[in-house]
Amino acid sequence: MYSNIHAAVVGSINMDLILNMEKVPQAGENLLGTSYSYANGGKGANQAIGLSRLGADTKLIGKVANDANGQKLLQNLRNNNVDVSGVSLAGSQTGLAAIMLDGEGRNRIVVYEGANAEINPVEAAQCIKDELDLLLVQFETREEVVVQCVNRAIEKQIITVIDCGPAKPFALEKMHGATIITPNESETKMLTGIFPSDENTILESSKVLMERSKSKFIVLKLGDRGCSVWDGKDLRIMSAYPSKVVDTTAAGDCFTAAMALEFKRSGDIHAACDIGNKAGSIAVSRMGAEASMPTVKEILDFA
Ligand code: RIB
């Protein structure tokens, strides 16, 4: 379905340390956790694996350090058929995400960016070649990296999808004209000052995002409420598919990858968001980041 699509992701590669606990501690509180594990992660790597698992020809552009985590993460990307010729070694430590996961599958994440901070904006942008169909970026790399890569892709008329995670202030005005910009609820609040809690605030915040980014479509990821699509004329809120939540980590990455591929295939933003919603619902029912990413068959069988 997506095997003829050439996609690139410029983004982060992290080792995730997942600490499971019934409830997360308050400031000054000490609690016992129930277990911990390490998993492959990073928003860039997750989205690259998401694309590749759905069949796209996928290249990742990023950095890891020459340490044990870096080697493991690179090997894992290769095992998932991601082209890592654009991933080079830099810095003394590979990125690390400390993830606190509570009994209801909700997470809190702190990222040490490590090698991800060493991505050179000019070098990364040079990897955006004419033959690409699709570029995905996130905000887990330096702002200049995102800006230069997105602008180069826009110049080349490549479909460009900006995932706004993690929440941080960002000069959206520096990259006018991407295809889709897709923040989650807290990222929307960070970028617009408006929390998208109901139809009015979804519309208001979408309008601010469109004004700031001049993107073609604003797709808000609304957690268990699904997502919304604003094209400058119509707002559509598309409900999530019911699912038993085990771990919400990387559900947004999964949504973005699946939505982007379907948009490239069909050119239909609503069909794309429907596929994204299905992929996201599958992702929350599974533990870990990369392990959440479904195949095309799983998405098609899901409904
Ligand atoms: O989006 C989920 C990801 O965010 C995790 O894999 C973690 O590495 C953080 O980057």
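Indexing begins at 1, ligand by ligand and atom by atom, following the structure's order. Sequential numbering from 1 along the given sequence is applied to the chain's residues.
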Trainee: If hydrogens are left out, which of I13, N116, D16 has an atom nearest to atom 7 (C) of ligand 1, that is, the closest non-hydrogen atom?
Mentor: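 The nearest heavy atom belongs to D16.
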
Trainee: Please name all residues satisfying side chain to side chain donor-acceptor pair (under 3.5 Å) with S197, sequence neighbours left out, ordered by chain then number.
Mentor: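 T201.
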
Trainee: Taking distance alone, with no angle check, do N46 and ligand 1 share an N/O pair under 3.5 Å?
Mentor: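 In this structure, N46 places an N or O atom under 3.5 Å from an N or O of ligand 1.
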
Trainee: List the steps, then state whether salt bridge (charged side-chain N to carboxylate O under 4.0 Å, His left out) holds for R106 with E104.
Mentor: CA-CA 6 Å; R106 294 173 306 195; E104 289 171 51; 3.7 Å; yes

Trainee: What atoms of ligand 1 come closer than 4.0 angstrom to any heavy atom of G41?
Mentor: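 In order of number, 6 (O), 8 (O).
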
Trainee: To which protein heavy atom is atom 4 (O) of ligand 1 closest, and what is the distance rounded to 0.1 Å?
Mentor: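 Result for atom 4 (O) of ligand 1: K43 NZ, 3.2 Å.
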
Trainee: For residues 228-239, run the donor-acceptor check on the side chains, cut-off 3.5 Å, and write out each pair with its distance to 0.1 Å, sequence neighbours left out.
Mentor:
{"from": "D231", "atom 1": "OD1", "to": "K233", "atom 2": "N", "distance (Å)": "2.8"}
{"from": "D231", "atom 1": "OD1", "to": "D234", "atom 2": "N", "distance (Å)": "2.7"}

Trainee: Can you list the ligand 1 atoms lying under 4.0 Å from a non-hydrogen atom of A97?
Mentor: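 Checking each atom against A97, I get 7 (C), 8 (O).
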
Trainee: Could you identify the single nearest non-hydrogen protein atom to atom 2 (C) of ligand 1 and state the distance to 0.1 Å?
Mentor: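 Closest protein heavy atom to atom 2 (C) of ligand 1: D253 OD2, 3.3 Å.
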
Trainee: Once the angle between the rings of Y241 and F302 is folded into 0 to 90°, is it parallel (under 30°), tilted (30 to 60°) or perpendicular (over 60°)?
Mentor: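 If you compare the ring of Y241 with that of F302, the planes turn out perpendicular.
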
Trainee: Any N or O on S12 sitting closer than 3.5 Å to an N or O of ligand 1?
Mentor: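 N/O-N/O distance below 3.5 Å does not exist for this pair.
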
Trainee: Do the side chains of K278 and E298 get close enough for a salt bridge, i.e. N-O under 4.0 angstrom?
Mentor: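 No, no charged N to carboxylate O under 4.0 Å.
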
Trainee: Short list, please: which atoms of ligand 1 are under 4.0 Å from a heavy atom of E140?
Mentor: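 The list of qualifying atoms is 4 (O), 9 (C), 10 (O).
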
Trainee: Numbering the atoms of ligand 1 from 1, which are under 4.0 Å from a heavy atom of A289?
Mentor: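 That gives atoms 6 (O) of ligand 1.
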
Trainee: Taking the non-hydrogen atoms of G42, is any one of them nearer than 4.0 angstrom to ligand 1?
Mentor: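 True for this residue.
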
Trainee: Starting from the C-alpha separation in whole Å, work towards a yes-or-no answer on side chain to side chain donor-acceptor pair (under 3.5 Å) for E140 and N116.
Mentor: CA-CA 8 Å; E140 213 166 53; N116 297 308; 5.6 Å; no

Trainee: CG of L31 to CG of L19: how many Å apart, nearest 0.5 Å?
Mentor: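 Those atoms lie 11.5 Å apart.
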
